[in-house]
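Count residues from 1 along the sequence.
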Amino acid sequence: MPIFIGYAILGQTLFWESNKKFLYFSTSFMALFCMMNGDSLIPIQADLMNIDLILGNLYCYIFIFCSIMYVLNINLFSMIMNIFIIIIE
């Protein structure tokens, strides 16, 4: 969660002037949540690429990579816990 909040603040500070999705903290938080779920990944990335090609791509790719790794880590942890519970019983 702190990384998600940090990315929302970073997106707001980098792209607030030229993108309405990152104008306020709440809208940048919602844009990142939509990107993490895959709802509006392509339009947001296209908007950020129009602002700054390298920085926009880097921001999107690193955020998506971190969010995917976070979800995979939770799934792996739950699988290990389930196996541990089965072994104990």
Side-chain angles (χ1 to χ4, degrees):
M1 192 66 160
I3 293 174
F4 189 71
I5 292 172
Y7 265 98
I9 292 171
L10 180 65
Q12 183 182 2
T13 56
L14 292 176
F15 306 115
W16 69 275
E17 292 176 330
S18 50
N19 193 341
K20 66 180 180 177
K21 292 177 181 143
F22 291 95
L23 186 59
Y24 304 108
F25 177 74
S26 60
T27 56
S28 63
F29 199 81
M30 186 60 69
L32 290 179
F33 186 75
C34 290
M35 281 178 58
M36 189 169 60
N37 290 324
D39 293 338
S40 58
L41 177 62
I42 303 293
I44 292 174
Q45 185 178 8
D47 290 344
L48 296 181
M49 281 176 45
N50 288 336
I51 297 168
D52 188 354
L53 183 66
I54 295 172
L55 191 61
N57 274 333
L58 192 64
Y59 181 79
C60 287
Y61 290 144
I62 291 175
F63 176 73
I64 293 300
F65 178 76
C66 289
S67 61
I68 288 172
M69 288 300 128
Y70 177 73
V71 169
L72 288 176
N73 191 18
I74 289 175
N75 287 336
L76 182 65
F77 180 73
S78 66
M79 286 172 37
I80 291 172
M81 289 302 296
N82 286 338
I83 292 171
F84 181 72
I85 290 170
I86 291 171
I87 290 172
I88 286 179
E89 293 175 348

Run the side chain to side chain contact (heavy atoms under 4.5 Å, CB included) test against L55 and tell me which residues pass, sequence neighbours left out. L14, F15, D52
Are I51 and W16 linked, directly or through intermediate hydrophobic residues, by side-chain heavy-atom contacts shorter than 4.5 Å (ILVMFWY only)? no
Are I54 and L48 grouped together when hydrophobic residues (ILVMFWY) are joined by side-chain heavy atoms under 4.5 angstrom apart? no
Please identify each residue that fulfils side chain to side chain contact (heavy atoms under 4.5 Å, CB included) with M81, with sequence neighbours left out. F77
Using the six-membered ring wherever Trp is involved, compare the ring planes of F4 and F63 and label them parallel, tilted or perpendicular (cut-offs 30° and 60°). tilted
Within one Ile-Leu-Val-Met-Phe-Trp-Tyr cluster: I62 and L53, side-chain cutoff 4.5 Å: no
Can I get a per-line list of side-chain donor-acceptor pairs under 3.5 Å for residues 23-45, giving both atom names and the distance, sequence neighbours left out?
unit_1, atom_1, unit_2, atom_2, d
T27, OG1, K21, O, 3.3
T27, OG1, Y24, N, 3.1
T27, OG1, Y24, O, 2.9
S28, OG, A8, O, 3.2
S28, OG, Y24, O, 3.3
S28, OG, F25, O, 2.9
N37, ND2, F33, O, 3.3
Q45, NE2, N57, OD1, 3.0
Q45, NE2, Y61, OH, 3.3

Residue pairs passing the salt bridge (charged side-chain N to carboxylate O under 4.0 Å, His left out) test where at least one lies in residues 54-70, sequence neighbours excluded: none
Shortest non-hydrogen separation from Y7 to C66 and the atoms involved: OH-SG, 4.4 Å
Sorted by first residue and then second, give each salt bridge (charged side-chain N to carboxylate O under 4.0 Å, His left out) pair with at least one member in residues 1-13; sequence neighbours left out. none
Got a sec, which hydrophobics cluster with M79, joining ILVMFWY side chains under 4.5 Å apart, including via others? none
